[in-house]
Each structure stands twice: as C-alpha cells, then as structure tokens.
S.K.: 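Dropping the structure in here first, questions after.
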Amino acid sequence: MATGPNRRESAMDRLPLAYSTALRLRDAGLSDDAIARRVGVEPEAVGPMLRVAEAKLASVGYDDADGGTR
C-alpha cells in the first residue's frame, strides 16, 4: 500500500480529472487564476472546487489530517 505523498497521488488518480488537476496545480504552487485557466472555470470557482476536491479525496480514503489514512 502506498504511503505519504504516494498515497495522496494514488487517491488523486481516483478523482475526476478536473479535480485531480486542480489539486496538483495547487500543490505545485500555481495561482487561482492559473488553475482556473487550466481547468476551464472562473477564478472565483477555484476555491470551492478545491474544497470539493479535498472532500472527494477524503471519500476515497485519503485524509491529510492523519497522515493520509482513514
């Protein structure tokens, strides 16, 4: 079983592409404007989209708060 960053990557691979892309771009340090352009949403939608993406990560068993385990 993957651990740490590998576990997060594996969990992100299970998300819809737009959500995993947004998370990866945020993790890489891109601005909300850059993320919005890349995933095709308005900049105001990036924050809510990232919150939904994090919730989806939790639903597939990844939780940052406890080191990536459920």
Side-chain angles (χ1 to χ4, degrees):
M1 177 182 262
T3 61
N6 291 333
R7 182 167 167 79
R8 181 174 168 83
E9 284 294 319
S10 294
M12 283 196 286
D13 288 343
R14 297 174 59 193
L15 301 182
L17 184 59
Y19 292 108
S20 63
T21 299
L23 287 172
R24 286 183 171 101
L25 293 173
R26 184 199 56 196
D27 290 351
L30 273 71
S31 69
D32 285 0
D33 287 337
I35 295 169
R37 284 190 301 275
R38 180 66 188 264
V39 298
V41 299
E42 294 296 321
E44 304 82 37
V46 172
M49 182 180 199
L50 290 169
R51 285 189 293 278
V52 169
E54 291 290 350
K56 287 182 176 290
L57 272 182
S59 76
V60 297
Y62 184 85
D63 183 359
D64 277 332
D66 63 5
T69 60
R70 193 179 222 185

S.K.: So, for M49 and A22, which heavy atoms are closest and what is the spacing to 0.1 Å?
M.R.: SD-CB, 4.3 Å
S.K.: What pairs with D33 under salt bridge (Lys or Arg N to Asp or Glu O under 4.0 Å), at least two apart in sequence or on another chain?
M.R.: none
S.K.: Are K56 and V52 packed together at the side-chain level, in the sense that at least one heavy-atom pair is separated by less than 4.5 angstrom?
M.R.: yes
S.K.: In Å and rounded to the nearest 0.5 Å, what is the CG to OG distance from L57 to S10?
M.R.: 11.0 Å
S.K.: How close do L15 and A53 get, heavy atom to heavy atom, and via which atoms?
M.R.: CD1-O, 4.0 Å
S.K.: Between I35 and L30, which heavy-atom pair has the shortest distance, and what is it?
M.R.: CD1-O, 3.8 Å
S.K.: With a 4.5 Å heavy-atom cut-off, do R8 and D27 have their side chains touching?
M.R.: yes
S.K.: Which residue pairs pass the salt bridge (Lys or Arg N to Asp or Glu O under 4.0 Å) test when at least one of the two sits in residues 13-24, sequence neighbours left out?
M.R.: E9-R24, D13-R24
S.K.: With a 3.5 Å cut-off and sequence neighbours excluded, list the donor-acceptor pairs that the side chains of residues 36-46 form with protein atoms.
M.R.:
none

S.K.: Under 3.5 Å, side chain of T21 to main-chain N/O of A18, donor-acceptor pair present?
M.R.: no
